Amino acid sequence: MALLPAAASTWYADVLYRGVPRLIACAILETTDGLLLVDPGPAVPLGTLESALASGGADFGDVRGLLLTHIHLDHAGAAGTVVQAHPHIQVYVHARGAPHMVSPVRLLASARRIYGNRVNTLWGAVVPVPKANVHVLQGNEQLRFAGRVVRTVYTPGHASHHVCYLDEATGTVFAGDTAGMLIKGTRYLVPVSPSPDIDVEAWQSSLALLRSWKPAQLFVTHFGPSRDVAWHLDHAGERLGAWAASVWTSLAAEADDAEQAERFHREEMARAFAELSECDRLPYEYMGQPRESWYGLARYWRKKRKQ
């Protein structure tokens, strides 16, 4: 699997998660002192990422840092495994997520509440990252890597520990899940919003922050570069608002959560299939499930009502 050029001295690798193209993209930034990986993904497809690096004439020995947008297993699950095998690699993560990289017990417990005993099959081993390798971020840092400057911004909403990165060399914002799931080559955007800590208001504010940066390009982990930045960020806000409103309305109905979540899932997947070509449907069937987002948004609204 070859590395695909995204911009000068920046590439990305499709890790072919679950054997499916265009699910998880790991961005690779060159510096004069080695490589930076943004969101290496879960441990399960780590061999594919290693092969991708080899296709670009590199290996994990050339990697200097992992820049994590957040600690969800589809973005950061492989971090500990990578560092265990290559102890020189440094990990950059927000302060709220850092403790769960060092001790992933609660992270795994949260994942098991969603995925049950499928956690190991879906994501693979989750290995602790040594505390000495963890660089804690708050947002608004300027990270300097051998002549390359990467700025950080705190972007809660999808997760309370989410950060985005602006690469000053290319004007690219690595947005993780803040800008939603938009598979390269499509116009169907999913505001992925699973439990446990969705915050719609904070998320809209984070989208506004990204707009204020006026990036030349977005890069989303699911999946790839997006150059129509204004449309993308505006559409992400619109879709998030629409999903949140739909879930709020559904909470007033006389039906249990499982029934409401399934109804929401069916309706949104029908919309996706109506908008997408047959060859573009597969990634949306495997990731960004509306069912999981219903539960995340329902939890958000119930917390708001208690407040």
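Below, each value reflects all heavy atoms present in this structure, side chains not excepted, and no hydrogens, waters or symmetry copies. All figures in this text were calculated on a predicted structure; none of them were measured in a lab.
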(request) Please say whether more than 12 non-hydrogen atoms of neighbouring residues, nucleotides or ligands are located less than 6.0 Å from CZ in Arg106. (result) no
(request) Compare every heavy atom of Pro21 with every heavy atom of Pro283, then report the nearest pair and how far apart it is. (result) CG-O, 3.8 Å
(message) Check Asp234 with Arg211, please: is the shortest side-chain N to carboxylate O separation under 4.0 Å?
(response) yes
(message) Tell me whether the rings of His72 and His70 are parallel (<30°), tilted (30 to 60°) or perpendicular (>60°).
(response) perpendicular
(message) Testing the basics here: between Val44 and Gly124, what is the closest heavy-atom pair and its distance to 0.1 Å?
(response) CG2-N, 3.2 Å
(message) So does Gly288 get a backbone contact from the side chain of Glu292, meaning a donor-acceptor N/O pair under 3.5 Å?
(response) no
(message) Going by salt bridge (Lys or Arg N to Asp or Glu O under 4.0 Å), name the residues that satisfy it together with Arg113, two or more places apart in sequence or in a different chain.
(response) none
(message) Run the salt bridge (Lys or Arg N to Asp or Glu O under 4.0 Å) test on Asp14 and Arg22 for me, step by step, so that the C-alpha distance in whole Å, both residues' side-chain angles and the decisive distance to 0.1 Å come before the verdict.
(response) CA-CA 6 Å; Asp14 185 343; Arg22 296 185 297 164; over 6 Å; no
(message) Taking Asp33's backbone N and O only, do any of them form a donor-acceptor pair with Arg64's side chain (distance below 3.5 Å, no angle check)?
(response) yes
(message) Can you confirm whether the side chains of Ser160 and Asp197 place a donor and an acceptor under 3.5 Å from each other?
(response) yes
(request) With the side chain counted from C-beta on, respond yes when Lys184 and Tyr12 share a heavy-atom pair under 4.5 Å apart, and no when they do not. (result) yes
(message) Under 4.5 Å side-chain heavy-atom separation, chaining through any Ile, Leu, Val, Met, Phe, Trp or Tyr, what else clusters with Val127? Say none if it is isolated.
(response) none
(message) If you count every heavy atom of other residues, nucleotides or ligands that lies below 6.0 Å from Asn117 atom CG, does the total exceed 12?
(response) no
(request) Might you point out which heavy atoms bring Val126 and Pro104 nearest each other, and give the distance in Å? (result) CG1-CB, 3.8 Å
(message) Before you tell me yes or no, could you show the steps for Arg302 and Lys304 under side-chain contact (heavy atoms from CB on, under 4.5 Å), namely the whole-Å CA-CA distance, both residues' side-chain angles and the distance that decides it to 0.1 Å?
(response) CA-CA 5 Å; Arg302 285 165 173 157; Lys304 289 278 287 184; over 6 Å; no
(message) Taking NZ in Lys131 as the centre, count heavy atoms belonging to other residues, nucleotides or ligands within less than 6.0 Å. Is the count above 12?
(response) no
(message) Under the criterion salt bridge (Lys or Arg N to Asp or Glu O under 4.0 Å), I'd like the reasoning laid out for Glu262 against Arg291: C-alpha separation, chi angles, the key distance, then a yes or no.
(response) CA-CA 6 Å; Glu262 287 303 318; Arg291 180 187 302 105; 2.4 Å; yes
(request) Give a yes or no on whether Leu209 and Val38 share a hydrophobic cluster (residues Ile, Leu, Val, Met, Phe, Trp, Tyr; joining criterion: side-chain heavy atoms under 4.5 Å apart). (result) yes
(request) Would you give the length of the straight line joining atom OG1 of Thr155 to atom NE2 of His161, rounded to the nearest 0.5 angstrom? (result) 10.0 Å
(request) Verify the distance criterion only: is there a donor paired with an acceptor across the side chains of Arg227 and Gln217 at less than 3.5 Å? (result) yes
(message) Quick check: do His86 and Val63 have side-chain heavy atoms less than 4.5 Å from each other?
(response) no
(message) I'd like to know whether Ile28 forms a side-chain contact (heavy atoms from CB on, under 4.5 Å) with Leu36, so could you lay out the CA-CA distance, the side-chain angles of the two residues, the decisive distance to 0.1 Å, and finally the verdict.
(response) CA-CA 6 Å; Ile28 301 156; Leu36 306 171; over 6 Å; no
(request) Would you mind telling me which of Trp248, Trp203, Trp294, Phe264 makes a ring pair (Phe, Tyr, Trp, His ring centres under 6.0 Å) with Trp243? (result) Phe264
(request) Check each of Val229, Asp228, Thr178, Leu182 against Leu218 using the side-chain contact (heavy atoms from CB on, under 4.5 Å) test, and report the only one that passes. (result) Val229
(message) Would you compute the distance between atom CG of Leu297 and atom CG of Leu240 and round it to the nearest 0.5 angstrom?
(response) 7.0 Å
(message) Strictly distance-based, threshold 3.5 Å: is any side-chain N or O of Glu50 a donor or acceptor partner for the main-chain N or O of Asp59?
(response) no
(message) Any non-hydrogen side-chain atom of Tyr284 less than 4.5 Å from a side-chain atom of Phe273?
(response) no
(message) Quiz question: by atom type and distance under 3.5 Å, do the side chains of Arg305 and Gln307 form a donor-acceptor pair?
(response) no
(message) Evaluate Arg187 against Trp231 for side-chain contact (heavy atoms from CB on, under 4.5 Å), listing each step before the verdict.
(response) CA-CA 10 Å; Arg187 302 282 277 186; Trp231 173 85; 3.6 Å; yes
(request) Side-chain contact test, heavy atoms from C-beta onward, threshold under 4.5 Å: evaluate it for Arg263 versus Gln260 and give yes or no. (result) yes
(message) Membership question, hydrophobic clusters at under 4.5 Å side-chain separation (ILVMFWY): are Leu210 and Val149 in the same one?
(response) no
(message) Which heavy atom of Pro194 sits nearest to which heavy atom of His158, and what is that distance?
(response) CD-CE1, 3.8 Å
(message) Return the SG to CG distance between Cys164 and Leu67, rounded to the nearest 0.5 Å.
(response) 12.0 Å
(message) With a 3.5 Å distance limit and no angle check, can you tell me whether Asn133 reaches the backbone of Pro87 through a side-chain donor-acceptor pair?
(response) yes
(message) Measuring from atom CG of Leu29 to atom CG of Leu35, what distance do you get when rounded to the nearest 0.5 angstrom?
(response) 9.0 Å
(message) With ring pair (Phe, Tyr, Trp, His ring centres under 6.0 Å) as the criterion, how do Tyr165 and Tyr92 come out once you've worked through the C-alpha distance, each side chain's angles and the decisive distance to 0.1 Å?
(response) CA-CA 11 Å; Tyr165 300 92; Tyr92 297 81; 8.1 Å; no
(request) Please lay out, stage by stage, how Met287 and Arg18 fare under the test side-chain contact (heavy atoms from CB on, under 4.5 Å). (result) CA-CA 10 Å; Met287 194 161 280; Arg18 300 177 74 179; over 6 Å; no
(request) For Arg271 and Glu267, run salt bridge (Lys or Arg N to Asp or Glu O under 4.0 Å): C-alpha distance rounded to whole Å, both residues' side-chain angles, the deciding distance at 0.1 Å, then the answer. (result) CA-CA 6 Å; Arg271 174 178 174 173; Glu267 291 172 354; over 6 Å; no
(message) For the aromatic rings, using the six-membered ring if either is Trp, is the centroid distance between His75 and His222 under 6.0 Å?
(response) yes
(request) Nearest 0.5 Å please: distance from the OH atom of Tyr300 over to the CD1 atom of Ile198. (result) 10.5 Å
(request) Find out whether the Lys NZ or Arg CZ of Arg239 is both under 6.0 angstrom from the six-membered ring centre of Tyr188 and within 45° of the ring's axis. (result) yes
(request) Answer whether the closest heavy-atom distance between the side chains of Leu107 and Met101 falls below 4.5 Å. (result) yes
(message) Does the Lys NZ or Arg CZ of Arg118 fall within the cation-pi geometry relative to Trp123 - under 6.0 Å from the ring centre and within 45° of the axis?
(response) no
(request) Locate the shortest heavy-atom distance separating Pro40 from Leu49; write the atom from each residue and the value. (result) O-CD2, 3.7 Å
(message) Donor-acceptor check, side chain of Ser103 to backbone of Pro99, threshold 3.5 angstrom: yes or no?
(response) no
(message) Using side-chain heavy atoms (C-beta onward) and a distance below 4.5 Å, is Pro191 in contact with Ser293?
(response) no
(message) Is there a side-chain contact between Thr69 and Asp177 in this structure, where contact means two heavy atoms from C-beta onward sitting under 4.5 Å apart?
(response) no
(message) Can you confirm whether Leu66 sits close enough to Ile89 that some side-chain heavy atom of one is under 4.5 Å from a side-chain heavy atom of the other?
(response) yes
(message) Which heavy atom of Ala98 sits nearest to which heavy atom of Val134, and what is that distance?
(response) CB-CG1, 3.9 Å
(message) Does Arg96, at its CZ atom, have more than 12 non-hydrogen atoms belonging to other residues, nucleotides or ligands within less than 6.0 Å?
(response) no
(message) I'd like to know if the side chain of Thr32 and the backbone of Ala146 have a donor-acceptor N/O pair within less than 3.5 Å.
(response) yes
(message) With rounding to the nearest 0.5 angstrom, report the CG to CZ distance, Leu143 to Arg148.
(response) 12.5 Å
(request) Please work out whether the ring planes of Phe174 and Phe219 are parallel, tilted or perpendicular, with thresholds of 30° and 60°. (result) tilted
(request) Determine whether more than 12 heavy atoms belonging to other residues, nucleotides or ligands lie under 6.0 Å from atom CD of Glu278. (result) no
